[in-house]
Structures are given as C-alpha cells and as structure tokens.
> 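This is the structure I have questions about; it appears just below.
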Amino acid sequence: MILVTGGAGFIGANFVLDWLARSDEPILNLDLLTYAGNLETLATLRGDARHVFVQGDICDRALVERLLAEYKPRAIVHFAAESHVDRSIHGPAAFVRTNVEGTFTLLEAARTYRATLEAGMQAAFRFLHVSTDEVYGSLGPQDPPFAETKTYEPNSPYSASKAASDHLVRAWHHTYGLPVLTTNCSNNYGPWQFPEKLIPLMIVNALASKPLPVYGDGLNVRDWLYVSDHCSAIREVLARGTPGETYNVGGWNEKANIDIVRTICALLDELRPSPEGSYARLITHVTDRPGHDRRYAIDARKIERELGWRPAETFETGIRKTVQWYLDNPQWIADVQSGAYRDWVAANYGDRGQGA
Ligand code: NAD
Ligand code: DAU
C-alpha cells in the first residue's frame, strides 16, 4: 500500500485513478476536502477495496501517525497543498499552515514510523514530495530553463511556502536519512482541474459567455504539461529515483497566456460554436496579478536521462482532450461551482479593473 495525501485534488485524483488503472497495489488517500478536494472525481472508485479514503488534515500528527501504524504503507506520495497563487495573495496563512506545517508534520510522522519498520522495509521506504517550478522564481526571455541546480527565488506566498517545504524535505534526508524524492513540475492541465486555474477558468467562462480575464498584457509564459504525464513522471521517480535527488518535470511547451486563451477559443469555436460569434470576443485584459512571475520553463533533461521519462502528450493533443473533457462533464463543473466558488470569483475578479 502507498499513502497519497491530497488525492481528491486535481493532480492527486488523476494520480490515484491512473495508479489503480495500472496496479492492484492499494492506496490510502488522506485529504481534508477543502474547496479544492472533490470526491466526485473519484466516483468510479466507490466500492473498490483498493482505495481507502480518509478525510483528515495532514497537520494532524496523531491522525497521520495512527494511519501509518495501521496501514503500514511502503511509501508516501505527498500532493496535499494550498495550490493557487491568487488565493495565496488574498490569504497567505493557509499556505504556511498546510504547505509548511503540514509537510513538517508528515516528515516527522514518517521518520518516527520508518524507525519501527524492519530493515528491508526501512530501506525500501520512500517519501515523495510533489513540488513546483515556481520555487525557482521568474526567468527573463533569454534565460535558460530551470535545471535542478537553479537557485531558489520564490516570489509569491504560495511559491515561498512550497520552497520552505522543499527545504524541510531536503533537511530530513540530510540530517535523518529519510529516503526522500522531490519533483518540481511545471503548470499542469487536464480533466478535473478546479476552474480557478487559467485553462479550466477560460473554458467554463467561455461556455457561460462570461469575460475571459487575461492578467496584464497576457505575455507571461508558462510551460504546460498534461496531467497524466505528470502522474507517469511521479510513478517513475517513485520506482527508480535516487533518494535525496530532485527531478524537474516539464513538457517543453512554453506558451504565452494570451496564446493559450486564443487556442481554447479556437477549439471551442470548432467543437461548440456560439451563435454570438467567436469566443475570442470575450477576451478581456484585466489588472495584473501582484508580483506576477514573467516566465517559467523547465529543463527536463535529468529525468529523461536518468529515468527515461518523456511526456506522451503534445500541447495540441492535451489541450484538445481537455476542452473535450469539460464539454462532456457539465455536471462536474456545476457541482464544483458552489457558493464558496462564487465568493472566490467575486473576491478575485470583482474589483479588478480592465487592464491594458
Ligand atoms: P489542488 O488544489 O487541486 O488539490 C489540493 C488537494 O489537497 C485538495 O484535494 C485539498 O482538499 C487537499 N488539502 C489541502 N489542504 C489539506 C490539508 N491540510 N490536509 C489534507 N489535505 C489537504 O492542487 P493540485 O493542483 O492537484 O496540486 C497538487 C500538488 O502538486 C501541490 O502540492 C502543488 O503544489 C503541486 N503542483 C501543482 C501544479 C499545478 O499546475 N497544478 C504544478 C506543479 C506542482
Ligand atoms: O508552475 C506550476 C504552478 O502552476 C503550480 O505550482 C500552481 O499550483 C499552479 O496553480 C500554477 O500556477 P500559476 O500561477 O502559473 O497558474 P494559474 O493557472 O493561476 O495562472 C497561469 C497563468 O495565467 C499566470 O501567468 C496567471 C494567468 N492568469 C490566471 C488566471 C487564473 C490569467 O491571466 N487570468 C486568470 O484569471
């Protein structure tokens, strides 16, 4: 068995579903079910004995220790986090709590638990920490992509909290010998992503004939990876990564935000044409995100060289699948657009003036 934290969120749930589609090794899924966690995403696993779900907080040390002692997992794959940069600007405390304190709690519980295992299981145990490329800071247009050796320069409360957690993970290896692995991945997209992030937000707003809010000039660049490719990278690192090492994961897909939004509009024009004309008419430039990082790009050569991992999807195949998935799943979209979601939209976009 493996323990997955945050397995009801976007990437965690994709990971759980992909894992159980390939293997009968059970998953213990610990998730608090914040606004970002949704058991509907895991509906196909209802009644499946290979999936044990526990609603709980990674900051609850007694709970984590009890679960480790009871289920004796061979590994922890740690996704649980507060993950949205804009929310971290509005309310950073939750990010420090879950991302820093929560990771610390898991590390301490894992260290204590591992000491109780017999030698073979101790050696095989792994703690895989799922992190982000945002810890490296922002690139200029001519800078090389982020390699694992890049200095940490986090700029938002979110990326600072993830950087802090990465440092704790590193220290627990160096000081206590905990067999940790860290992955630093670029922007993910795909099915079941909460519509607060760029790609699903643009799809659901377009389908509702709402403005498509592009921050600033729309020329900020992100490096996009289809979520199932992130999941396959994590499986490779878990199986064959070297403890103490970090692996950058990315799709070699740098795109400016405005190009992403135009691509989504073009796909919707093809797949669900609107009688009112192209969805591109809805594009609206709004006031920029404070401290908005200009460019991220990942150098994914280490994971390819050492573990043979490469993404299976191109951006063109992945974005088409993603748009089609949102068209095919209106009920999931309606379910996650709860009162709390509407409150967030009002808080983040309500007083954002029109931009350049
Ligand atoms: P998400 O916000 O969709 O999901 C986070 C999950 O964690 C939710 O199910 C939530 O209920 C759970 N959670 C939050 N606080 C918790 C707590 N205290 N205890 C237990 N569970 C808690 O996030 P995501 O986009 O799936 O990201 C997963 C991980 O991958 C995060 O660590 C994130 O930093 C990292 N990451 C994300 C991306 C991306 O593009 N989304 C890219 C690189 C890395
Ligand atoms: O790089 C990896 C990171 O990618 C992950 O660690 C984070 O968890 C994930 O949220 C993501 O962070 P970003 O800030 O890059 O993603 P987001 O989807 O919020 O924004 C992508 C880009 O689009 C960014 O430049 C801001 C812009 N944007 C976003 C929103 C929500 C807009 O222009 N308008 C919007 O409404």
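Remember, it's 1-based here, ligands and their atoms both numbered in the order they're listed. Values below: all heavy atoms of this structure, side chains included; hydrogens, waters and symmetry mates excluded.
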> Give the atoms of ligand 2, by number and element, whose distance to some non-hydrogen atom of E196 is under 4.0 Å.
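That gives atoms 31 (C) of ligand 2.
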> Should H292 be listed as contacting ligand 2, given a heavy-atom distance under 4.0 Å as the test?
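Distance cut 4.0 Å: H292 passes for ligand 2.
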> Among W325, Y326, F15, find the one that has a ring pair (Phe, Tyr, Trp, His ring centres under 6.0 Å) with W192.
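Single pass found, and it is W325.
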> Are any of the N/O atoms in E134 less than 3.5 Å from those in ligand 2?
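The answer is yes, given that E134 and ligand 2 share an N or O pair closer than 3.5 Å.
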> Show which atoms of ligand 2 fall inside a sub-4.0 Å distance from at least one heavy-atom site of D133.
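Near D133, meaning under 4.0 Å from one of its heavy atoms, ligand 2 has 1 (O), 2 (C).
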> For L201, which part has a heavy atom under 4.0 Å from ligand 2: side chain, backbone, both, or neither?
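The answer is the side chain of L201.
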> Give yes or no for whether the N/O distance cutoff of 3.5 Å, strictly under, is met between T132 and ligand 2.
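Yes, there is a polar N/O contact under 3.5 Å.
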> Only heavy atoms of F79, strictly under 4.0 Å: list the atoms of ligand 1 that pass.
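So the answer, numbered in order with elements, is 28 (C), 29 (C), 31 (C), 32 (O).
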> For G56 and ligand 1, answer yes if some heavy atom of the residue is under 4.0 Å from a ligand atom, otherwise no.
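Contact present.
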> Side chain or backbone, does N257 bring an N or O within less than 3.5 Å of an N or O on ligand 2?
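Yes, since at least one N or O of N257 sits under 3.5 Å from an N or O of ligand 2.
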> Any nitrogen or oxygen of M202, main chain or side chain, under 3.5 Å from a nitrogen or oxygen of ligand 2?
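In fact, backbone or side chain, M202 has no N or O that close.
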> Output the list of atoms in ligand 1 that are nearer than 4.0 Å to some heavy atom of S186, sorted by atom number.
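Every atom of ligand 1 under 4.0 Å from some heavy atom of S186: 42 (C), 43 (C).
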> For ligand 2, note which part of L198 has a heavy atom under 4.0 Å away: side chain, backbone, both or neither.
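L198 to ligand 2: contacts from backbone and side chain alike.
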> Show the atoms of ligand 2 that are less than 4.0 angstrom away from any heavy atom in P213.
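Under 4.0 Å from P213, ligand 2 has these atoms: 32 (C), 33 (O), 34 (N), 35 (C), 36 (O).
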